[in-house]
Student: 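I have a structure here, written as structure tokens, and I will follow up with some questions on it.
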Amino acid sequence: MTTGQSNVSPQAFRMDPDETTVGRRGVLLVLSSPSGAGKTTLARALLKADQNITMSVSATTRAARPGEVDGQDYHFVTPDRFEEMVGADALLEWATVFDNRYGTPRAPVEAELSAGRDVLFDIDWQGAQQLADTLPADVVRVFVLPPSIDALAERLRNRAQDSDAVVEARMARAVDEISHWGEYDYVIVNRAVPQSTAALTAILCAERQKRNRQPGLAQFVGSLNSAD
């Protein structure tokens with residue numbers, strides 16, 4: 001996989017002033033891939049280029065890795081607290097991955113949607129399916145594929161924070177994860193970061209223009225028709 005800086009202008013994909021007239025409901029943009037395919041890099045590039053999308057912060061029972069910040073990278077919670085959140089219907093989706101539990105807190109996501117802001121998710125296919133079942137009109141699913149299985153293995157081996165055993169487990173899991181690509185609305189083969197970032201941004205821009213995400217559009221068009 002080729003890496004590099006995105007050539008997407010930070011000003012190119014900010015909210016159009018007309019959107020404040022028409023009104024817009026946010027998009028839940030879901031990114032999934034086998035570990036190491038580059039979705040985190042693409043997510044960071046999109047967040048840097050677009051001021052109107054924010055990253056969903058998941059709750060997890062796993063321990064924090066070096067450099068991770070509670071409330072910024074994840075909400076690190078105990079297994080008992082996670083169960084409380086499940087029981088209170090406070091999570092939009094949840095799943096168990098490598099013996100740890102992950103879930104999306106409901107309240108902040110619904111607040112962003114209502115405010116017309118988009119939310120980006122870095123979750124696996126199980127979470128993506130649950131999220132689509134819960135909020136089907138709001139979810140747009142994008143699956144990121146590596147250019148080859150060899151490139152994926154190399155990327156995982158080059159990670160300093162994972163042991164050989166973890167790398168082997170992730171490679172075994174990758175085959176199963178890739179098999180779910182057909183459940184997604186869009187698929188990006190991540191051969192080069194700038195091109196993949198541009199493709200992801202184009203998907204988001206197109207989804208923002210859908211009629212069902214512009215609740216004030218009928219009134220706006222009516223005002224055009226009644227104008228002198």
Student: Tell me if a side-chain donor or acceptor on D70 pairs with a main-chain N or O of F76 at a distance below 3.5 Å.
Tutor: yes

Student: Kindly state each residue pair satisfying ring pair (Phe, Tyr, Trp, His ring centres under 6.0 Å) with at least one member in residues 23-60, sequence neighbours excluded.
Tutor: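 For residues 23-60: none.
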
Student: Let me check something: do V30 and W181 share a hydrophobic cluster, defined by ILVMFWY side-chain heavy atoms less than 4.5 Å apart, either directly or through other members?
Tutor: no

Student: For residues G38 and N190, report the shortest heavy-atom separation together with the two atoms involved.
Tutor: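 Looks like CA-ND2, 3.7 Å.
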
Student: In Å, rounded to the nearest 0.5 Å, how long is the span from CZ of R208 to CG of N52?
Tutor: 5.0 Å

Student: Using atom types as modelled and distance alone, determine if a side-chain donor or acceptor of E177 lies under 3.5 Å from a backbone N or O of W125.
Tutor: no

Student: Identify whether Y186 and V139 are in the same connected component of the hydrophobic contact network (ILVMFWY, side-chain heavy atoms under 4.5 Å).
Tutor: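 Y186 does not cluster with V139.
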
Student: Do side-chain atoms of R24 reach the backbone of G116 as a donor and acceptor pair under 3.5 angstrom?
Tutor: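 Side chain of R24 to backbone of G116: a pair is present.
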
Student: Is any side-chain heavy atom of R106 closer than 4.5 Å to one of T134?
Tutor: yes

Student: Taking the side chain as everything from C-beta on, heavy atoms only, tell me whether L31 gets closer than 4.5 Å to L46.
Tutor: no

Student: Measure up the Y184 and F143 rings against each other and bin them: parallel (under 30°), tilted (30 to 60°), perpendicular (over 60°).
Tutor: perpendicular

Student: Between L29 and L200, does the side chain to side chain contact (heavy atoms under 4.5 Å, CB included) criterion hold? Intermediate values first, please.
Tutor: CA-CA 10 Å; L29 185 64; L200 182 61; 4.1 Å; yes

Student: Return the minimal non-hydrogen interatomic distance between F82 and W94, and the atom names on each side.
Tutor: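 What the structure gives for the nearest pair is CZ-CB, 3.7 Å.
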
Student: Which atom names give the shortest non-hydrogen contact between P146 and P34, and what distance separates them?
Tutor: CD-CG, 4.1 Å

Student: For the CG atom of N212 and the CZ atom of R25, what is their distance to the nearest 0.5 Å?
Tutor: 10.0 Å

Student: Of D138, V119, L92, which meets side-chain contact (heavy atoms from CB on, under 4.5 Å) against E110?
Tutor: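 So, applying the side-chain contact (heavy atoms from CB on, under 4.5 Å) to E110 and each of D138, V119, L92, only L92 qualifies.
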
Student: Ignoring hydrogens and geometry, is there a side-chain-to-backbone donor-acceptor pair from R62 to D99 under 3.5 Å?
Tutor: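 A pair under 3.5 Å: no.
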
Student: Compare all side-chain heavy atoms of Q129 with those of R141 and state whether any distance is below 4.5 angstrom.
Tutor: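 In short, these two side chains touch, coming nearer than 4.5 Å.
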
Student: Rounded to the nearest 0.5 Å, what's the gap from CG on L204 to CD on Q209? Could you check?
Tutor: 9.5 Å

Student: For the residue pair P105 and A59, what are the closest heavy atoms and their distance?
Tutor: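 So the minimum-distance heavy-atom pair works out to CD-N, 4.1 Å.
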
Student: Is the number of heavy atoms from other residues, nucleotides or ligands under 6.0 Å of E84 CD greater than 12?
Tutor: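 Counting other residues, nucleotides and ligands, CD of E84 exceeds 12 neighbours.
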
Student: I need the E93 CD to D124 CG distance, nearest 0.5 Å.
Tutor: 7.5 Å

Student: Kindly say whether L42 contributes a backbone atom to a donor-acceptor pair with the side chain of T197 at under 3.5 angstrom?
Tutor: no

Student: Would the number of heavy atoms belonging to other residues, nucleotides or ligands and lying under 6.0 Å from CZ of R173 be above 12?
Tutor: yes

Student: So which heavy atom on V189 is nearest to which on S196, and how close?
Tutor: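 Taking every non-hydrogen atom into account, O-OG, 3.8 Å.
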
Student: Are I53 and M55 co-members of a hydrophobic cluster defined by side-chain heavy atoms under 4.5 Å apart?
Tutor: yes

Student: Using 0.5 Å steps for rounding, measure from the CG atom of L131 to the CD atom of Q126.
Tutor: 13.5 Å

Student: With rounding to the nearest 0.5 angstrom, report the CD to CG distance, E68 to D73.
Tutor: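 Here the rounded value is 5.0 Å.
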
Student: Take F121 and L28, measure what side chain to side chain contact (heavy atoms under 4.5 Å, CB included) needs, and give me the verdict at the end.
Tutor: CA-CA 7 Å; F121 293 80; L28 301 186; 3.7 Å; yes

Student: Between V57 and V86, is there shared hydrophobic-cluster membership here, with clusters defined by ILVMFWY side-chain heavy atoms closer than 4.5 Å?
Tutor: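 No, V57 and V86 fall in different hydrophobic clusters.
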
Student: Can you hop from V144 to I178 via hydrophobic side chains spaced under 4.5 Å?
Tutor: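 Result: no, two separate clusters.
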
Student: Decide whether D122 and T40 meet the rule of one side-chain donor and one side-chain acceptor closer than 3.5 Å.
Tutor: yes

Student: Between the side chain of S114 and the main-chain N/O of A111, is any donor-acceptor distance below 3.5 Å?
Tutor: no

Student: Please step through side chain to side chain contact (heavy atoms under 4.5 Å, CB included) for the pair I149 and M171, ending with a clear verdict.
Tutor: CA-CA 9 Å; I149 201 67; M171 284 300 299; 3.9 Å; yes

Student: Could you go through the salt bridge (charged side-chain N to carboxylate O under 4.0 Å, His left out) check for R213 and D118 one step at a time?
Tutor: CA-CA 11 Å; R213 295 200 173 95; D118 308 310; over 6 Å; no

Student: Any idea which heavy atoms bring S56 and V109 closest together, and the distance?
Tutor: OG-CG2, 4.3 Å

